[in-house]
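Notes to accompany the following structure.
In the text below, chain A, chain B and the rest are named by the order of the sequence lines, each starting its count at 1.
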Number of protein chains: 2
Amino acid sequence: MRADARRNYDRIVEVAREVFREQGYDASLDEIAKRAGVGPGTLYRHFPKRENLLDAVMQSWVDRVNEAVAKALTHEGSDRELLLGWFEEYVRLISVHRGAPAKITSAMGDPDSPIMTKCQVLARANDRVIEHLREDGAIRDGVETLQVCRLVGGVATVADQGDLDPDAVRPMLAVVADGLLR
Amino acid sequence: MRADARRNYDRIVEVAREVFREQGYDASLDEIAKRAGVGPGTLYRHFPKRENLLDAVMQSWVDRVNEAVAKALTHEGSDRELLLGWFEEYVRLISVHRGAPAKITSAMGDPDSPIMTKCQVLARANDRVIEHLREDGAIRDGVETLQVCRLVGGVATVADQGDLDPDAVRPMLAVVADGLLR
DNA sequence: CCACGATACGGAGACAGTCTCCGGTTAGCA
DNA sequence: TGCTAACCGGAGACTGTCTCCGTATCGTGG
């Protein structure tokens, strides 16, 4: 990759992260290009689909997911607290900007999605938490971890789209947790 | 309202219901106008916002909601079965077309939404089921019915957007039900 | 150091969807 | 039947998506 291309690529991603946060995932791509000081053609060559841009924007996000799961697993306290704490973190993690929870959660099952690798990181993080609790015999039989991602993702999605504040989200996550725990 | 206006109104609603079902809630409104044999101006005069059209489309839907809740309440069997059956029906009811679950669920808390009255019908239906179970002492303390709508709506939303089939939805609803029941 | 080919740029513009405005038409009453 | 308020419809302004291709730039091999 040529040096000028790399420069533009990085700049676009940086600007996109900012604009997505300001205006949500529906933001105009041409405006992102403009703000990044490049033509639309340049943006679309690097990122043929909107989701490719999202994927690039989420690159740095992977580290935060791994940190969060590590922290969750060292939690001292009841299983319920651990699970609930992780769910809250999960919601926070996927709520990078307006529209993100829906996008991420619906890509969760799709192997062809451009953001697949990011979803896998998240799914694996969630797996570790659930399996950790399952070893304690704390999880009901027949629970699949992908379901858990979808359930919590669903809560994050409605919170995002109805812009609820975190105080309204917590009790919903508690219901999900209670439904999973023995 | 003049007779020709009424005729156009009805025709637009009828066509919109069809097109939304075919193409989802993102369908082109100009195309709906065209198919209904009217100009865009006519459509936008009757329905200034897309949601106004949705509201009209859902008019006939109200009856089905009321029938469904009546049927659910007469259910013979365990509380869990009753609740789960209602949830499945709830999901089916709000999945009128692609995009509908998200739209309806996010409007659930907004008193200014054009589809507010429809949401109220749904919320009240859900209330009746939950309160019925609460009288039996079957529901955990601290559960609010609006949360229930959002949770089940969230499941429907992820199912819609990730187009999962009903077999994948059922276990998620079961988790929610278990989280609500004592 | 420079010339040249591969690589990348960027903006004009085609296309699609939203929504408005207003000249022309029509319903329905007197 | 004639009049007026109500209504129609489509041209077109505007915004966002995405492509194409002439032009510019990078970086390498001589």
Side-chain angles (χ1 to χ4, degrees), chain A residues 1-57 97-100 102-103 106-107 112-115 161, chain B residues 1-57 97-100 102-103 106-107 112-115 161:
Chain A
M1 194 175 196
R2 240 166 64 173
D4 55 343
R6 165 100 270 155
R7 220 164 24 236
N8 280 330
Y9 182 100
D10 290 342
R11 182 139 182 63
I12 290 168
V13 171
E14 190 186 354
V15 169
R17 187 159 26 228
E18 193 178 306
V19 174
F20 282 163
R21 197 143 42 200
E22 279 174 22
Q23 310 182 15
Y25 188 55
D26 295 331
S28 160
L29 296 186
D30 276 24
E31 195 198 313
I32 291 174
K34 196 172 292 178
R35 275 219 225 174
V38 303
T42 301
L43 189 149
Y44 284 99
R45 195 167 346 93
H46 286 304
F47 309 101
K49 316 198 80 174
R50 186 180 284 269
E51 286 188 333
N52 297 121
L53 184 52
L54 177 59
D55 187 63
V57 161
H97 54 248
R98 209 157 30 76
K103 203 74 214 157
S106 69
D112 300 330
S113 169
I115 60 168
Q161 290 174 358
Chain B
M1 195 176 195
R2 242 167 62 173
D4 54 344
R6 164 101 269 153
R7 221 168 19 240
N8 280 330
Y9 182 101
D10 290 342
R11 182 137 182 66
I12 291 168
V13 171
E14 191 185 353
V15 169
R17 185 155 32 226
E18 193 178 306
V19 174
F20 282 163
R21 196 143 43 200
E22 279 174 22
Q23 310 183 14
Y25 188 56
D26 294 332
S28 159
L29 296 187
D30 276 24
E31 195 198 313
I32 291 174
K34 196 172 292 179
R35 275 219 224 174
V38 302
T42 301
L43 188 149
Y44 285 100
R45 195 167 347 93
H46 286 304
F47 309 101
K49 317 198 79 175
R50 186 179 286 267
E51 286 188 332
N52 297 120
L53 184 51
L54 177 59
D55 187 62
V57 162
H97 53 250
R98 209 156 29 77
K103 204 76 214 156
S106 68
D112 300 332
S113 169
I115 60 169
Q161 291 174 357

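At a cut-off of 3.5 angstrom, counting only N and O atoms as typed in the model, there is no donor on one side facing an acceptor on the other between the side-chain of A/Arg2 and the base of C/dA8.
The structure places CG of A/Leu54 at 6.5 Å from CZ of A/Phe20, a figure rounded to the nearest 0.5 Å. Between B/Leu29 atom CG and B/Glu31 atom CD the span is 10.0 Å, to the nearest 0.5 Å. The NE2 atom of A/His97 sits 13.5 Å away from atom CD of A/Glu18, with the distance rounded to the nearest 0.5 Å. Separation of atoms CD1 (B/Ile12) and OH (B/Tyr44) is listed at 11.0 Å; rounding is to 0.5 Å.
Candidate nucleotides C/dA27, C/dT18, C/dA8 were compared by shortest atom distance to the side chain of B/Arg50, and C/dT18 ranks first.
In terms of the ring pair (Phe, Tyr, Trp, His ring centres under 6.0 Å) criterion, residue partners of B/His46 (sequence neighbours excluded) are, by chain and number, B/Tyr9.
Residues from residues 5-13 of chain B lying near DNA chain C, meaning a heavy-atom separation below 4.0 Å, are absent. Listed by residue number, B/Ala27, B/Ser28, B/Leu29, B/Asp30, B/Pro40, B/Gly41, B/Tyr44 are the residues of residues 18-46 of chain B with a heavy-atom contact under 4.0 Å to DNA chain C.
Distance, B/Phe47 CZ to C/dT18 P: 15 Å, rounded to whole Å. For the pair B/Asp4 CG and C/dT26 C1', the computed distance is 7 Å after rounding to whole Å.
Of the possible donor and acceptor atoms, one in the side chain of A/Asn52 sits under 3.5 Å from a partner among the backbone N and O of A/Lys49.
Between B/Lys49 and B/Ala3, the residue anchored nearer the 5' end of DNA chain C, judged by the nucleotide with its closest heavy atom, is B/Lys49.
Test A/Arg35, A/Arg98, A/Arg17 against A/Glu22 for salt bridge (charged side-chain N to carboxylate O under 4.0 Å, His left out) and you get one pass: A/Arg35.
The pair B/Asp30-B/Lys34 does not count as a salt bridge, with every side-chain nitrogen at least 4.0 angstrom from each carboxylate oxygen.
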